[in-house]
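Numbering of ligands and ligand atoms starts at 1, following listing order. On a predicted model such as this, the values are computed, not experimentally measured, just so you know. Residues take their numbers from the sequence shown, with the count starting at 1.
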Amino acid sequence: MPRVTVIGTGYLGLTHAVYMAELGHEVLAIDIDEEKIAKVSRGEAPFFEPGLESLLRENTDSGRLRFTRSFAEIGRFGDVHFLCVGTPEGAAGRADLSSVYAATTALAPYLTSPCLVVGKSTVPVGTARQVVNRIRAIAPAGSQVDLAWNPEFLREGFAVQDNRAPDRIVLGVMSDWAEARLRQVYEIPLAAGTPLLVMDLETAELVKLAANAFLATKVSFINAMAEICEAAGADVLPLAEALGYDARIGRRFLSPGLGYGGGCLPKDVRAFRATAADLGVKWMASLLATVDAINLRQRDKVVLLAREATDGSLVGKRVTVLGLAFKPYSDDVRDSPSIAVCDRLVAEGAIVSVHDPAAMSNAARIRPCLAYAPTISEAAEAADLILHLTDWSDYRTIDPFALGAMVTRRVIIDARCCLDTRLWASAGWSVHVPGRPSTVESDDEYDRAGSTTGAVVPAG
Ligand SMILES: NC(=O)c1ccc[n+]([C@@H]2O[C@H](COP(=O)([O-])OP(=O)(O)OC[C@H]3O[C@@H](n4cnc5c(N)ncnc54)[C@H](O)[C@@H]3O)[C@@H](O)[C@H]2O)c1
């Protein structure tokens, strides 16, 4: 069995390292972040990912998964080195590849015998060839260092299950040897029937960018449809549902609302746009520019709605924001649409109180000025307006009758289009949902006035 190393223990790298150990491999992982390595070595996940911490502990306790800060140790230990460092947005929307090159430059001097370096980070097409040339120029093993690209498709919040049951495994390879090694690494999921697609390096790099660009396009398409619905007096929710039943279209990524965010889709769309322009494919570049512009527009639209819902001015208005993470079941606030909305609310003079079940400490690090409330009730106290910005199940189960007793005005904007609007309306709330008729009226069937439990989040 090849011995595996993982370089970079962020969202991607740590979940991959744990998964590799779960598959039975001996794994050694490295990060330049000293604090992170200290934490993961103690079996503590440095971020919120359902199910990850217990698996991390199991595998560190068994000794199958260890951590280090020494590239020399990594080089000596590994037969297969997975590269999982960040590729954030750089100048002019291009991917910043400095961590990719720093990590491979740090590793290469210790590659003294035949081995395989496997890129998992999301990179512009052409990066893999540059990486292998640089490594071979430095490594004592020279051309005996092979390279493959194995893009990752996991979703934050579902990383453990996505690792265990991936839709497919994509391998970009330069040799049969690399393919054979990776077949060994992924023997268990392949035996379980996971589709394997083997291709050249460039195509593998592009598969990941194409997947994210397509998903982002789907989100922006439904958000543009929401705007059409508003203009035409139609309702985007039944429209999206009817579209989604078409097997050629599918229901996922067809939820209208505040748009996508996080550490992947926004920066990958921009980086791919830059690549498309560099390659002279201007139609793809302009399609992706539009996708990005529609996505950013959703944030402005929510602020516009908020202004309208507070009689034209947010100055001095108490606004409660429910949800800070870019998506539920994650504490990731990178390029979070909710944080962007908070910034605009503050800039317009609102007094903003925020709540999130998992992302408050990450948000507080980058936005210390916001008022962080430990409970939904405290966040909503005396609010003039509630904004529902991240689709946590905790918010779907709020009792609007109980919450109504805490606020000054019963006005809510459901920017994730997933609350039971008729229930909220029956509790006397004015409910605004982008892409839907402006205020949802009360309905007798839902009229539960007087039946409130007094609890904002019903027990169970
Ligand atoms: N987060 C996801 O869900 C996801 C999914 C698929 C693909 N990806 C891609 O995976 C890559 C990593 O993303 P992430 O979300 O894990 O980022 P991250 O910022 O959470 O993690 C990156 C890690 O790399 C470490 N690092 C940076 N330079 C290093 C170096 N020279 N040596 C060792 N470690 C170094 C950082 O300290 C950090 O811990 C990106 O290319 C991203 O696009 C991410």
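Side-chain N/O atoms of Asp332 and Ser330 include no donor and acceptor closer than 3.5 Å. When only modelled atom types and interatomic distance are considered, Asn223 and Ser220 share no side-chain donor-acceptor pair under 3.5 Å. For Asp146 and Trp177, the side-chain atoms include no donor-acceptor pair closer than 3.5 Å. Between the side chains of Tyr260 and Asp335, no donor N or O sits under 3.5 Å from an acceptor N or O. Tyr110 and Arg76 share no donor-acceptor pair across their side chains, judged by distance under 3.5 Å alone. When only modelled atom types and interatomic distance are considered, Tyr372 and His355 share no side-chain donor-acceptor pair under 3.5 Å.
Among all protein heavy atoms, the one lying closest to atom 30 (C) of ligand 1 is Ile32 CG2, 3.7 Å. Among protein heavy atoms, atom 27 (C) of ligand 1 sits closest to Ser99 OG, 3.7 Å. Among all protein heavy atoms, the one lying closest to atom 7 (C) of ligand 1 is Thr122 OG1, 3.6 Å. Of the protein's non-hydrogen atoms, Leu12 CD2, 2.8 Å is the one closest to atom 10 (O) of ligand 1. Ranking the protein heavy atoms by distance from atom 22 (C) of ligand 1 puts Gly86 N, 3.4 Å first. Looking only at protein heavy atoms, the nearest one to atom 20 (O) of ligand 1 is Tyr11 N, 3.2 Å. Scanning the protein heavy atoms around atom 11 (C) of ligand 1, the nearest turns out to be Val85 O, 3.3 Å. For atom 40 (C) of ligand 1, the nearest protein heavy atom (residue, atom name, distance) is Thr87 OG1, 3.4 Å.
Of the polar atoms of Asp31, at least one N or O is found under 3.5 Å from an N or O of ligand 1, judged by distance alone. Between Arg334 and ligand 1, an N or O atom pair is found at a separation short of 3.5 Å. At under 3.5 Å, not a single nitrogen or oxygen of Glu152, backbone or side chain, sits near a nitrogen or oxygen of ligand 1.
How far OG1 of Thr112 is from CD of Gln144: 10.0 Å, rounded to the nearest 0.5 Å.
Counting heavy atoms closer than 4.0 Å to ligand 1, residue Lys208 contributes side-chain atoms (C-beta onward) but none from N, CA, C or O. If you look at Phe71 next to ligand 1, the close heavy atoms, those under 4.0 Å, all belong to the side chain. With a 4.0 Å cut-off on non-hydrogen atoms, Lys120 does not touch ligand 1 at all. In Leu154, the parts holding a heavy atom less than 4.0 Å from any atom of ligand 1 are both the side chain and the backbone. When heavy-atom distances to ligand 1 are checked against a 4.0 Å cut-off, Cys264 comes that close only through its side chain, counted from C-beta outward.
Within ligand 1, counting atoms from 1 as listed, the ones closer than 4.0 Å to a heavy atom of Ala103 are 30 (C), 31 (N), 32 (N). Ligand-side atoms of ligand 1 in range of Gly10: 16 (O), 18 (P), 20 (O), 21 (O), 23 (C), 39 (O), range being under 4.0 angstrom from any heavy atom.
Taking the ring centre of Phe326 as origin, the terminal cationic atom of Arg334 falls outside the region bounded by 6.0 Å and 45° from the ring axis. For the pair Arg251 and Tyr245, the cation-pi test (distance below 6.0 Å, angle within 45°) is passed.
Between Glu230 and Lys301 a salt bridge is recorded (basic side-chain N to carboxylate O distance below 4.0 Å). Ion pair Glu89/Arg270 flagged as a salt bridge, since at least one NZ, NE, NH1 or NH2 atom sits closer than 4.0 Å to an Asp/Glu carboxylate oxygen. Of the charged side-chain nitrogens involved, none lies within less than 4.0 Å of a carboxylate oxygen, so that Arg57 and Glu44 do not count as a salt-bridged pair.
Judged by the shortest distance from any of its heavy atoms, Cys84 lies inside the 4.0 Å radius around the atoms of ligand 1.
When the heavy-atom distances from atom 2 (C) of ligand 1 to Glu49, Glu156, Arg155, Lys36 are ranked, the shortest goes to Glu156.
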